[in-house]
Amino acid sequence: MPEGHLIHRYARAQHAALAGSTPTLTSPQGRFDPGPYAGRALAAVEAYGKHLLYHFDEAPPLHVHLGMRGLWLRHDDPAVAPRKGVRLRIATGAVAYDLIAPIRCEPLPGDGERALRASLGPDPLRADADPDEAVRRLATAGGAVGAAVLDQSLWAGIGNAWRAELLFLAGLDPDARRIGAPAARRLWELAAEYLALGRDAGQVVSDPTAPDERWVYKRAECRRCGAPVRRWELGARTAYACPVDQPAAPPG
DNA sequence: CGAACATGAGCAC
DNA sequence: TGCTCCTGTTCGT
C-alpha cells in the first residue's frame with residue numbers, strides 16, 4: 001500500500017542500511033540499466049511524497065515511484081536469488097533490496113530532480129514542509145477537498161486510504177468546497193500526525209488504540225456511529241465517508 | 001483454478 | 001473521461 005507513509009518508511013530503512021556504501025545495482029528483469037551507478041557511492045535515500053530519490057556520488061539521482069502495485073523486498077542474505085521480474089536489486093555485502101513492479105525507475109539527469117520537486121506540494125512527513133504554504137494551496141484550490149488532497153501538486157504523499165481516514169478525522173465531507181484556512185490547517189496537522197504514526201507502524205493508522213481498524217475506508221458502516229458509509233467516485237478514485245460524522249456543508 | 005480488485009498516475013482522445 | 005502499465009491478495013467456483 002505505497003502511500004507516502006510507506007515511501008518514507010522505505011527511505012528511512014534503506015538510508016540506514018545503504019547510505020555510505022557503494023552498493024551493486026543489477027536488473028534481473030533487464031528493464032533498467034544500472035551502468036551509470038557502477039562503483040558509485042550511495043550518499044542518501046530520500047522520500048518526497050510518493051517518490052523515492054537515491055543520491056549517488058558522481059551520478060544522476062535515481063528516481064523510483066512505486067505506483068499502486070510496486071513494492072520493495074528486503075533480503076537479509078544478499079546471496080538469495082531474486083525472483084523473476086525484479087526490476088532493480090540494490091545489494092551490499094549485508095543486505096539486498098529488490099524492487100518489484102514500479103511505475104518509475106529511472107535516472108533524473110539535468111534539471112529532472114528540480115522539475116520533480118517543483119511539481120510537488122508540501123509533504124506532511126518532511127521536516128522542511130511549510131505548513132502555511134500547505135494551507136494556502138489547499139484553501140485556494142478549486143473543486144472538492146477530496147479531490148484536492150489527492151493532487152500531488154497541492155499536498156504530496158496522500159493516497160486514497162489516507163484521504164478517506166483523514167477527512168473522517170477532520171469531520172470534513174470530501175465533496176466540500178472552499179473549506180477555508182482553519183479547516184485546511186486542521187487537516188494538515190492531522191496529516192502530519194497520523195502519517196508519522198503510519199510510517200512508524202508500517203500501515204495506515206487512523207486510531208492509535210486500534211491500529212488495524214479503519215473509520216470508513218472500505219467499510220460498510222461507520223466505525224464510530226454505525227451509519228452506512230457513503231461510497232462514490234471522486235477524483236477518479238472511490239471515496240468513502242460517513243454521512244453523519246462528515247456532514248455536508250449547509251447550502252449557501 | 002480464474003476473476004476481481006487494489007494503495008497511482010501519465011497519457012490518448 | 002477512460003485506457004494502460006505492473007503484481008499481490010482475496011474471493012468465488
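Reminder, nothing fancy here: chain letters follow the sequence lines and each chain counts from 1.
- Of the candidates B:dA6, C:dC6, B:dA9, B:dA6 carries the atom nearest the A:Y240 side chain, counting heavy atoms from C-beta on.
- Screening A:I90, A:L66, A:L73, A:L52 against A:L99 for a side-chain contact (heavy atoms from CB on, under 4.5 Å) leaves a single residue, A:L66.
- Residue A:R31 is classed as a sugar-phosphate contact, given heavy-atom separations below 4.0 Å to backbone atoms only.
- With rounding to whole Å, A:L66 atom CG is found 13 Å from B:dA9 atom C1'.
- Here the side chain of A:Y217 is nearest to one of B:dA6, C:dT7, B:dG8, namely B:dA6.
- Atom CG of A:L73 and atom P of C:dT9 are 9 Å apart (whole Å).
- Contact check, A:H65 against B:dA9: a side-chain N or O comes under 4.0 Å of OP1 or OP2.
- For A:A101, taking side-chain heavy atoms from C-beta onward, the closest of the listed nucleotides B:dA6, C:dT7, B:dG8 is C:dT7.
- Applying the ring-ring contact (aromatic ring centres under 6.0 Å, His included) test to pairs two or more places apart or on separate chains, none has a residue in residues 108-130 of chain A.
- Residue A:I100 has its side chain nearest to C:dT7 when only B:dA9, B:dA6, C:dT7 are considered.
- Separating the CG atom of A:L99 from the P atom of C:dT7 is a distance of 11 Å, rounded to the nearest angstrom.
- In this structure, A:W72 atom CH2 and C:dT7 atom C1' are separated by 16 Å, rounded to whole Å.
- As a whole-Å value, the separation of A:E106 CD from C:dC6 P is 15 Å.
- Remark: P of B:dA4 and CZ of A:R69 are 14 Å apart, rounded to the nearest angstrom.
- Separating the CZ atom of A:R104 from the P atom of B:dG10 is a distance of 7 Å, rounded to the nearest angstrom.
- Remark: the backbone N or O of A:I158 is paired with a side-chain donor or acceptor of A:K50 at under 3.5 angstrom.
- A continuous path of hydrophobic side-chain contacts links A:V95 to A:L62 [ILVMFWY only; heavy atoms under 4.5 Å].
- Taking atom P on both nucleotides, B:dA4 is separated from C:dC3 by 15 Å, rounded to a whole Å.
- Dashed line: the shortest gap from a side-chain N or O of A:K50 to OP1 or OP2 of B:dA9 is under 4.0 Å.
- Rounded to an integer number of Å, the gap from CE of A:M68 to P of C:dT4 is 14 Å.
- Side chains of A:N160 and A:E3: no donor on one and acceptor on the other come within 3.5 Å.
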